[in-house]
Amino acid sequence: MTLERTLVIIKPDGMQKNLTGVILKRFTEAGMRPIASKMMQLTEVILRDHYDFLVDKPFFPDILSYMQQCPVMLWVLEGENAIAKVRELLGPTDSKLAPKGTIRGDFGVDKSTNVVHASDSPVSAQKEIARFFRKEEIFG
Ligand code: ADP
């Protein structure tokens, strides 16, 4: 078991459905602890950086408009095997394929509108945490 940190973003559909409390409860009940938290209106600049591996995809303009629909909630969560554990709680990217009982399966719409982002590896977790939080904003 490894104590890890991961970055979570409640995407605009999760915000509009007022799911921040419900979703945080799922994470904390699984042993995750928030050590940093903020709300933020995402910009095109930060989204191009965050989704740099998708900028050439035909659906990238849709991601840009979806992710800027309203301010989002961000947390850094810490816990044992946090990166894999949180991804497991989310379910797969496509909400239609996500089993009931997962966050995307219960609240997501489809492949693009899928409620939550979470880091997918230790390398991306470190990069993503640094992208959205300054060191002094993390209380771990
Ligand atoms: P995940 O969020 O599960 O890590 P990816 O890193 O593959 O998934 O994709 C990042 C985000 O880009 C997805 O969560 C989704 O919002 C959007 N996305 C991915 N693939 C598609 C697609 N084929 N059509 C529309 N949006 C997509």
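All ligand and atom numbering here is 1-based and tracks the order in the structure.
- Looking only at side-chain heavy atoms (C-beta outward), L64 and R48 come within less than 4.5 Å of each other.
- Tracing side-chain contacts under 4.5 Å through hydrophobic residues (I, L, V, M, F, W, Y), one reaches M39 starting from L19; they form part of the same cluster.
- Less than 4.0 angstrom separates some heavy atom of N114 from each of these atoms of ligand 1: 13 (C), 14 (O), 15 (C), 16 (O).
- Counting only heavy atoms from C-beta outward, the side chains of T93 and R104 approach each other to under 4.5 Å.
- At least one N/O-N/O distance between R104 and ligand 1 falls below 3.5 Å.
- One distance of note links NZ of K85 with CG of L77; it measures 13.0 Å at 0.5 Å rounding.
- I9 is not listed as a side-chain neighbour of V116, based on a closest heavy-atom distance of 4.5 Å or more.
- The protein heavy-atom contact nearest to atom 15 (C) of ligand 1 is K111 O, 3.3 Å.
- For S124, the side chain to side chain donor-acceptor pair (under 3.5 Å) partners at least two apart in sequence or on another chain are D120, S121.
- Inter-residue side-chain proximity for R33 and T28 is flagged as unmet; no heavy-atom pair is nearer than 4.5 Å.
- In terms of polar-atom proximity, defined here as any N/O pair under 3.5 Å, H117 makes no such contact with ligand 1.
- Near F53, with a cut-off below 4.0 Å to any heavy atom, the atoms of ligand 1 are 6 (O).
- Looking at ligand 1, you won't find any N or O of D120 less than 3.5 Å from one of its N or O atoms.
- Distance CZ/F59 to OH/Y51: 10.0 Å, rounded to 0.5 Å.
- In this structure, the protein non-hydrogen atom closest to atom 18 (N) of ligand 1 is F59 CE1, 3.7 Å.
- In terms of protein heavy atoms, atom 8 (O) of ligand 1 is closest to T93 OG1, 3.2 Å.
- Between K11 and ligand 1 there is a heavy-atom distance shorter than 4.0 Å.
- Checked by distance only, ligand 1 and R87 come closer than 3.5 Å through their nitrogen or oxygen atoms.
- When non-hydrogen atoms are compared, ligand 1 lies under 4.0 Å from neither the backbone nor the side chain of L90.
- Close contacts of ligand 1 with Y51, meaning ligand atoms under 4.0 Å from a residue heavy atom, involve 10 (C), 11 (C).
- Under the 4.5 Å side-chain heavy-atom criterion for Ile, Leu, Val, Met, Phe, Trp and Tyr, I103 and L97 are members of distinct hydrophobic clusters.
- When S119, G91, S112 are checked for heavy-atom proximity to atom 25 (C) of ligand 1, S112 turns out nearest.
- Judged by the 6.0 Å and 45° rule, K38 forms no cation-pi pair with F132.
- When heavy-atom distances to ligand 1 are checked against a 4.0 Å cut-off, I63 comes that close only through its side chain, counted from C-beta outward.
- Between Y66 and ligand 1, no pair of N/O atoms sits closer than 3.5 Å.
- Atom numbering of ligand 1 starts at 1 in the shown order; those under 4.0 Å from a heavy atom of L54 are 9 (O), 10 (C), 12 (O).
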